[in-house]
Structures are given as C-alpha cells and as structure tokens.
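Worksheet: one structure, shown below.
Along the sequence shown, the residues carry numbers beginning at 1. Nothing here was measured: the structure is a model prediction, and the numbers come from that model.
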Amino acid sequence: MLHDHPSFRERAELQRYDEQVGLVYQRTLAAILTWKLSLEDVETCSQRFWDMHKDPALVLDVGCANVLACHYNLFLGTVAPLVRRRKDLTPLVERALAGDIIGNFLLTEVGHGLDILNIETTATKVADGFVLNTPHPAAAKSVPSARDAPRARFMPPTTPLCPKIAVVFARLIVDNADHGIHPFLVHTSDAHGMCPGIVSQLLPPRSGTSPLDYAITSFHHVHLPPSAFLGASLDVPRDHHSLLQGYIWRTIVGQVSMSLVALTGMKMTAYLGVLYSLRRCVRGTGPSDVPIMSFRTQQLPLLYTTAIAHQFTSADLATPIRRSLAIVYKTTMCRLATQYYREVGERLGAQGTFGHNIINKIEMDMRGFIVAEGDLTVLSISLYSQLLRNKYALPSPKHAVSLLARHSDAVYSRCADLLGSFTEGHRDEQFNNLVLPQCQRGVLALGCAYAYGCARDAGVPEPMLELFECAAIKQDPSWYSEHGGLPESVFMLKEDHAVHSALPHIREYVDSFGVEASITAPIVSSETWESWVEGLQTYDRIQEETNIVQRSSSYQAPQ
C-alpha cells in the first residue's frame, strides 16, 4: 500500500521547505511504482486510473497528487492517442510510465490567464523543425486569471528537481502566418539541470498549502525537431477554437480526478474529527469528564461531513465523464468540502490550524484547486448559461420528486423565466446583473440532487441521506423556507431528528471509509501524539549548555 512507503511516513512538517519539495518527488515516484498504471489505463480512464486518484495517501501530500494528475492525466493523456501512429513516442512513454521522467502540461500564460485562444508563445516553422520562443515576459507559462475562460493547469512545477518533459502549447507560425495553437513536446530538464534556452523561475510558497516547485516558465529560441509537433496538421485550421478544445479535453477528466482528492479529504476529515472528539474530554460542573463529542455544536459539522462523503462515495465515476457533469461534480464537491473542512477544523480548536493535522492544509489545497482546471465561478456561468439557452440538456436526477430535485428545478425555472423576460436575451445587461450570480447556485443545487438520488439508489444509510438533505437545505435556506415547507422552526426539528438517528452509528460510518491506515495526523490518538512530540526540536537549559560546550570546542580563533 502506498501509505506504507517510507516517504509517506516521513514527517514533512519537520523539514525545510526545499526538503519538503524534494520529498514530493520521492512520493510521486513511489506512487508511480506502486500503482503501475499502463498507457491503456490512462487513455481509457480505467477503474485503476480512478482508484489511484482516490488513494488516501495522496491527501497527505496534495503536491504529489498534483504532479501525478498532471503527469498521468494531462501529459500522458494527451500523448497516449498519438502512440499508435507515432511509434517514435513509445520509448518516451515507457520512460514516463516507469517514472524515469515526469510530464508537465504548459498551456496558460501570465498575461492571458485562461484566455487561451490569445496565448503568445510561438513555435516558428524552420527547415529542420521549429523554434519555440516566449516573445515577452507576459507570455511566460504560469498563473491563470480566475476571471477569464474556463480551463488550465496553473504554475506548472518545472524546476529541474528531476528529468522533466512537457506538452507546451504554442502558436504555430509558418511563413509569418498564424496556423493556430498546437501542442509541442519539449524536454525542459534532464539529469544535468534545465535544458538550453528554457528558464524556470521558482515562485514563493503558496500560503498554507502542500509544498511544490510552482514556477514561471519561458522559452528563448529553443530549437525543436520535427517530431516535437503533436498537432493534427500544419495547415491553417478551419476552426481554431474547436481544434484547441480537442487538444485539451483531458482537463475535463482533471476536474473529476482532483475532486476525488477532495472527497478523500472529506473522509479523512470526518474520521479524524470523530476520533479526536470522542477521546478529547472536558470537565464541566459534573463529577467526571465528558467527551466534546457530547456537544451538539461538535456533532453537527462532523455528522454533516460524514454524510456528504457518503453521498459522493456512492457515485460511479469510472464511466466516461462528460464535460458538463464534470463541472457539476467539481462545483458540488469542492464547495461542500471546503465549507466543512473549515467547520471541522474550527471544532478541533488550535490543533485544527496546524498543517500536520491535515484538515487546514487540505482546505487550502482545495481552495487552490477551485481555480485550477477551470475556475468554479466561470465554469458554472458557462454551463448554466448554456442550459438556460437550451444549447443542450442534462439528465434528470434520480428520484426526481425529492425535495432537492424540486429545488434544482425551481432555481432553473426562475432563471429561465428571467432570461425569457429580457428584450436582448442573454446579451441583455440584466442577464449579467440577475442571472449570472445565480449560475453557481443552480449548478450546486443540481449537484446536490444528483448526489442524493445516486446515494439513495446505492443504499446509503437513511440517517446519512437525511443529514445530506439538511446540508443541502443549508445552502439555500430561503427557498426551502418559502417554497419547501421548511421554515426555520421546522428545519431545526428535522435536523435534530437526523442527528439523533445518525449519532449512535457515527464511528461505524467513518470506519467504513477505510482511511485509518493512511492517517498520520498526530492528534488521531494519544499514542501518536506522544510519539510525534518526542520528535520535535527541543530547547531546555541542559540542551543549551551542551550546545555552548560543543560550539566552544569547535571554535578556532582567527589567525
């Protein structure tokens, strides 16, 4: 099992930041050698592909999860369909599958964010191949803006900590003419460091998140052989937008694969919070200590987190994922997860604020994911606007008469009625003012209805279903109060009934997640806490005097 590998048992929080980043790549190699995905697994998104992304060990190091997602899904996922007609790619793919080289995916640029149709990196056709160039600093490959178009990997980790290769998107220039944006295969670093003409500028650490060597990458007259071209044709494309969308379709898979890490984080959060709350005791006015789990304020976030994790665990994610459903899944999973990470973290007091206890760090990591592989707000606007304009339709949730499905239908109907009243349709200023702010609400409502219906069919325990329904109601309490027959007084009783039904089984519910063996948080038990404290750097008078003696014995006076 991956969590048994020595690299995942190291206490990263006690290391320097650069050592932690190095550990990320040790863990990445361990994951590659443990899971041993085949090219077929990657290309078909097999069950094993999804299972790897659900490995609980990846929650301990989301930096590692990011590298694996980029390496397998974006890099190898882009190259895999080409191997059948490009046998020259086979040796490279075999090296990547063995972990001898790590793949990246360089799409967005500093100055354009996710406005990928206007990227400025160029690949100029010459007699013996191409010349890859970053024309100015704003065209360097890096951070996407959260307000632009809806896809990308951001801040690709390109520093030369190991041999790396990338799919780089650039504007093909042939005889001074623009022939569209295409992918190119570029070796960025080898065993000796950065490859000639490629510059990787290491960014400072992101606050509170798992460490990784995020960087700004630029190219300075880098010569590429003809075989570096991974595009469909050197000719001018008929439809620039459709061509580019075809190249980057694996970003859709990424929306789900990284959401699976958020789901596993929910399981760990619930398990860790429950165990800590059961063993942590306080003494009130009575004669004996009582566990903090006895307080309703402690029970609610833990029960809600457990219930939400049970709903999404029931979904079948091994089937092909359409873009629209991927957006619904990502939006629903990430919005609920980040909310309850925070609430459970607060119920753990000061312990919940430290990264070594997982919850605070996974929340920060998922906040980063919210704007990676497509910003949630932009994705929701794009999807819901098309649904409202009848560009296409999504399947109805199972159990369409449920309260959550009725809510989803009502949000959609209200927005559709508004759109129908605008004289200029979706181009009307009122569409921007009144409908766009409702898009994410609508997607979240649809996602909750999907999750509830799938969970009920999968046999999720009734108390978990009731609690999830309460969690969904809390996302839009005004509608349920006005139209769902649930004023505040009635909802309080509904919630109380759900808690009483679920609480006696809470340990059983969290044990069923199967994450216990992977958890390294010190507060999970008294024994792990004591062991962890023994490894901390210690200062006391005896140690200080010993250090003084050691420094004195090694001191040499200047000549």
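Cation-pi geometry between Lys474 and Phe491 is not met: the NZ or CZ atom fails to fall both under 6.0 Å from the ring centre and inside 45° of the normal.
Between Phe75 and Ala96, the shortest heavy-atom distance links the atoms CE2-CB, 4.3 Å.
A tilted orientation is assigned to the rings of Phe169 and Tyr247, their planes being inclined by 30° to 60°.
Under the rule for a salt bridge (charged side-chain N to carboxylate O under 4.0 Å, His left out), Arg389 has no partner lying at least two apart in sequence or in another chain. Not counting sequence neighbours, the partners of Asp51 by the salt bridge (charged side-chain N to carboxylate O under 4.0 Å, His left out) test are Lys54. Applying the salt bridge (charged side-chain N to carboxylate O under 4.0 Å, His left out) criterion to Lys494, with sequence neighbours excluded, gives Glu469. By the salt bridge (charged side-chain N to carboxylate O under 4.0 Å, His left out) test, Glu43 is found to be paired with Arg84, residues two or more places apart in sequence or in another chain being considered.
A donor-acceptor pair under 3.5 Å links the side-chain atoms of Ser512 to the main chain of Tyr509, judged by distance alone. The main-chain N or O of Val274 is never found under 3.5 Å from a side-chain atom of Arg507 such that the two would form a donor-acceptor pair. The closest donor-acceptor contact from the side chain of His426 to the backbone of Leu419 lies at 3.5 Å or more, if one exists at all.
Between the CG atom in Leu348 and the CG atom in Asn357 there is a gap of 7.5 Å [rounded to 0.5 Å].
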Please tabulate, one pair per line, all N/O donor-acceptor pairs under 3.5 Å involving side-chain atoms of residues 401-411, not counting sequence neighbours.
from: Ser402; atom 1: OG; to: His399; atom 2: O; distance (Å): 3.1
from: Ser402; atom 1: OG; to: Ala405; atom 2: N; distance (Å): 3.2
from: His407; atom 1: ND1; to: Tyr480; atom 2: OH; distance (Å): 3.2
from: His407; atom 1: NE2; to: Asp476; atom 2: OD2; distance (Å): 2.7

List, one per line, each side-chain donor-acceptor pair under 3.5 Å for residues 20-27, sequence neighbours excluded.
from: Gln20; atom 1: NE2; to: Ala12; atom 2: O; distance (Å): 3.4
from: Gln20; atom 1: NE2; to: Gln15; atom 2: O; distance (Å): 2.9
from: Tyr25; atom 1: OH; to: Lys164; atom 2: NZ; distance (Å): 2.8
from: Tyr25; atom 1: OH; to: Asp213; atom 2: OD1; distance (Å): 2.6
from: Tyr25; atom 1: OH; to: Asp213; atom 2: OD2; distance (Å): 3.3
from: Arg27; atom 1: NE; to: Ser7; atom 2: O; distance (Å): 2.8
from: Arg27; atom 1: NH1; to: Asp61; atom 2: OD2; distance (Å): 2.9
from: Arg27; atom 1: NH2; to: Ser7; atom 2: O; distance (Å): 3.1
from: Arg27; atom 1: NH2; to: Glu10; atom 2: O; distance (Å): 3.4

TODO: Take Glu363 and Asn360, measure what side-chain hydrogen bond (donor to acceptor under 3.5 Å, both in side chains) needs, and give me the verdict at the end.
DONE: CA-CA 5 Å; Glu363 179 196 344; Asn360 176 268; 4.8 Å; no
